[in-house]
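Data first, discussion second: the structure below is written as structure tokens.
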Amino acid sequence: MNLSVQLAPKHQRGLLLANPVMPASGTFGYGTEYKHLFDIQKLGAIVCKGTTLQPREGNSQPRLAETASGLINSIGLQNIGVKALIEDKAPLWARWRVPVIVNIAGETINEYAQVAGELDRVAGISAIEVNVSCPNIQAGGAEFGKDPEPAAKVTAVVKAATSLPILVKLTPNTGNITEVAIAVAEAGADAIILINTLKGMTIDIAKRQPLLGSISGGLSGPAIKPVALYMVYEVAGAVEIPIIGCGGITTATDAIEFIMAGASAIQVGTASFANPRAPLDILQGIERFMEKEGILNLNDLIGAARN
Ligand SMILES: Cc1cc2nc3c(=O)[nH]c(=O)nc-3n(C[C@H](O)[C@H](O)[C@H](O)COP(=O)(O)O)c2cc1C
């Protein structure tokens, strides 16, 4: 069976994965944390925690709250910063055969460009994932990814700053995700990831105050799966570049739904907190499904529900 997928077909280097399953940024650390639990090199790729120019301590506690079929987090991009990532993590990744994708974030357009520039030509890094769900501090704090123009601008500056393939991860917190996707594709994204978390909150009724230290957070987990699936279905009909589905994927059935909706690959996030082997279990479940259905090539499943 052939499960390999090319996620950057228009890019000179390309981004060829042995299979379509990878962890979602922020739920799998730097990959090193999980390597004692299972053979992470069996995954299609590893995606690391969101990385910024300077190290960040993140938001005030509490930063996690469980909800019905979901999780709300307000980690606030706690990370070691791009320099420590290059010095401490990349040398290790350079010895792995599984490609590593570095997720980046910024508070200004220039910060995205700088982080992307630092990562260019670093051994052990195969692609950049651009998180556009960050507040743009020069534009009153609206998420870059909320509107087509700032999302395209971030894409274009990152593209100009690196020779690596770039995957742009969109936010569902917009009224027009298809327009944002089209703008980002036109600005040079090699692939699109759908979706990041949905804005939400929860209240501690005993204290009569918001439970999270930063009031609101991002909802993830099974609760958001139908929303993410529909966004993948919609966007897959509007852009030509590969789509990576993400949002509530917990089982192989979930993953296959995203692939049939038009995703070329998928990411597993919150599910790893309950079952750290979830990405591998999902990969094995996809293989079993293909075997049972007599499908020899994953490409035959991509978009199968779109006809
Ligand atoms: C604790 C936590 C931290 C996250 N950190 C990041 C991050 O640093 N960068 C990013 O782009 N997405 C981040 N995400 C979003 C996930 O990558 C993913 O898009 C989202 O959780 C939906 O997928 P899921 O329902 O499978 O978790 C984070 C999610 C969680 C739960």
Side-chain angles (χ1 to χ4, degrees), residues 21-31 33 45-52 55-59 61-82 85 101-107 112 115 127-135 143-145 151 154 158 166-173 177 192-200 212-214 216-229 231-232 243-252 254-255 257-258 263 265-276 278-279 281-282:
V21 180
M22 61 189 113
S25 175
T27 64
F28 211 71
Y30 295 93
E33 295 86 341
I46 301 297
V47 183
C48 80
K49 174 67 191 164
T51 299
T52 48
R56 284 172 63 111
E57 293 200 342
N59 291 331
Q61 301 279 1
R63 311 195 294 192
L64 283 177
E66 270 191 59
T67 64
S69 296
L71 178 71
I72 301 189
N73 90 82
S74 60
I75 306 296
L77 288 176
Q78 178 183 11
N79 78 97
I80 59 176
V82 71
L85 178 128
I101 300 170
V102 174
N103 179 295
I104 68 167
E107 288 180 332
Y112 279 98
V115 181
I128 291 178
E129 177 176 300
V130 189
N131 172 11
V132 292
S133 305
C134 305
E143 289 179 31
F144 286 98
V154 172
V158 171
I166 65 166
L167 323 175
V168 181
K169 180 170 177 182
L170 301 188
T171 172
N173 302 313
I177 197 152
I192 287 174
I193 299 153
L194 298 162
I195 58 173
N196 212 313
T197 53
L198 278 152
K199 255 217 163 98
L212 295 172
S214 54
S216 71
L219 178 64
S220 63
I224 71 168
K225 196 199 96 183
V227 177
L229 187 63
M231 287 182 167
V232 166
I243 293 171
I244 299 151
C246 176
I249 298 176
T250 310
T251 64
D254 296 335
E257 282 188 64
F258 276 82
I266 58 99
Q267 297 187 339
V268 182
T270 303
S272 290
F273 296 147
N275 170 20
D281 290 349
I282 288 169

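Numbering of ligands and ligand atoms starts at 1, following listing order.
In the model, Ser220 has no side-chain atom that pairs as donor or acceptor with a side-chain atom of Asn73 under 3.5 Å. A donor-acceptor contact closer than 3.5 angstrom is absent between the side chains of Ser272 and Thr27.
For a threshold of 3.5 Å applied to N or O pairs, the pair formed by Gln267 and ligand 1 contains no separation below that value. Between Gly269 and ligand 1, an N or O atom pair is found at a separation short of 3.5 Å. Note: no N/O pair closer than 3.5 Å links Ile75 and ligand 1 by distance alone. Of the polar atoms of Gly248, at least one N or O is found under 3.5 Å from an N or O of ligand 1, judged by distance alone. The distance criterion of under 3.5 Å between nitrogen or oxygen atoms is not met by Leu64 with respect to ligand 1.
With respect to atom 29 (C) of ligand 1, the closest heavy atom belonging to the protein is Asn73 ND2, 3.6 Å. Ranking the protein heavy atoms by distance from atom 5 (N) of ligand 1 puts Lys49 NZ, 3.1 Å first. The protein atom (non-hydrogen) at minimum distance from atom 12 (N) of ligand 1 is Lys169 NZ, 3.0 Å. The protein heavy atom nearest to atom 15 (C) of ligand 1 is Asn196 OD1, 3.4 Å. Protein heavy atom closest to atom 3 (C) of ligand 1, with residue, atom name and distance, is Gly26 O, 3.5 Å. Protein heavy atom nearest atom 28 (C) of ligand 1, with residue, atom name and distance: Ser25 O, 3.4 Å. Protein heavy atom in closest approach to atom 21 (O) of ligand 1: Ser220 CB, 3.2 Å.
Distances below 4.0 Å separate heavy atoms of Cys246 from the following atoms of ligand 1: 18 (C), 19 (O), 22 (C), 23 (O). Near Thr197, meaning under 4.0 Å from one of its heavy atoms, ligand 1 places the atoms 20 (C), 21 (O). With ligand atoms numbered from 1 in the order given, ligand 1 contributes 9 (N), 10 (C), 11 (O) to contacts under 4.0 Å with heavy atoms of Asn103. Within the listing of ligand 1, atoms 22 (C), 23 (O), 25 (O) sit less than 4.0 angstrom from a heavy atom of Gly247. Remark: ligand 1 atoms within the under-4.0 Å shell around heavy atoms of Leu77 are 8 (O).
With a 4.5 Å cut-off on side-chain heavy atoms, Leu170 and Met231 do not count as touching. Under the 4.5 Å side-chain criterion, counting only non-hydrogen atoms from C-beta, Leu77 is in contact with Cys134. Looking at Lys49 and Tyr30, their side chains come closer than 4.5 Å, going by heavy atoms from C-beta outward.
Atom OG1 of Thr67 and atom CG of Leu219 lie 5.0 Å apart (nearest 0.5 Å). In this structure, Cys246 SG and Ile195 CD1 are separated by 7.5 Å, a value rounded to the nearest 0.5 Å. In this structure, CG on Leu71 lies 6.5 Å from CZ on Phe273, to the nearest 0.5 angstrom.
Under 4.0 angstrom from ligand 1, there are no non-hydrogen atoms of Lys225. For Asn131, every heavy-atom contact with ligand 1 shorter than 4.0 Å involves the side chain, none the backbone.
Between the side chain of Asn59 and the backbone N or O of Gly213, no donor-acceptor pair lies under 3.5 Å. Under a 3.5 Å cut-off, the side chain of Thr250 and the backbone N or O of Gly248 do form a donor-acceptor pair. Asn173 places a side-chain N or O within donor-acceptor distance of the main-chain N or O of Thr197, the cut-off being under 3.5 Å.
Closest heavy-atom contact between Phe28 and Pro279: CE1-CG, 4.4 Å.
For Ile195, the heavy-atom gap to ligand 1 drops under 4.0 angstrom.
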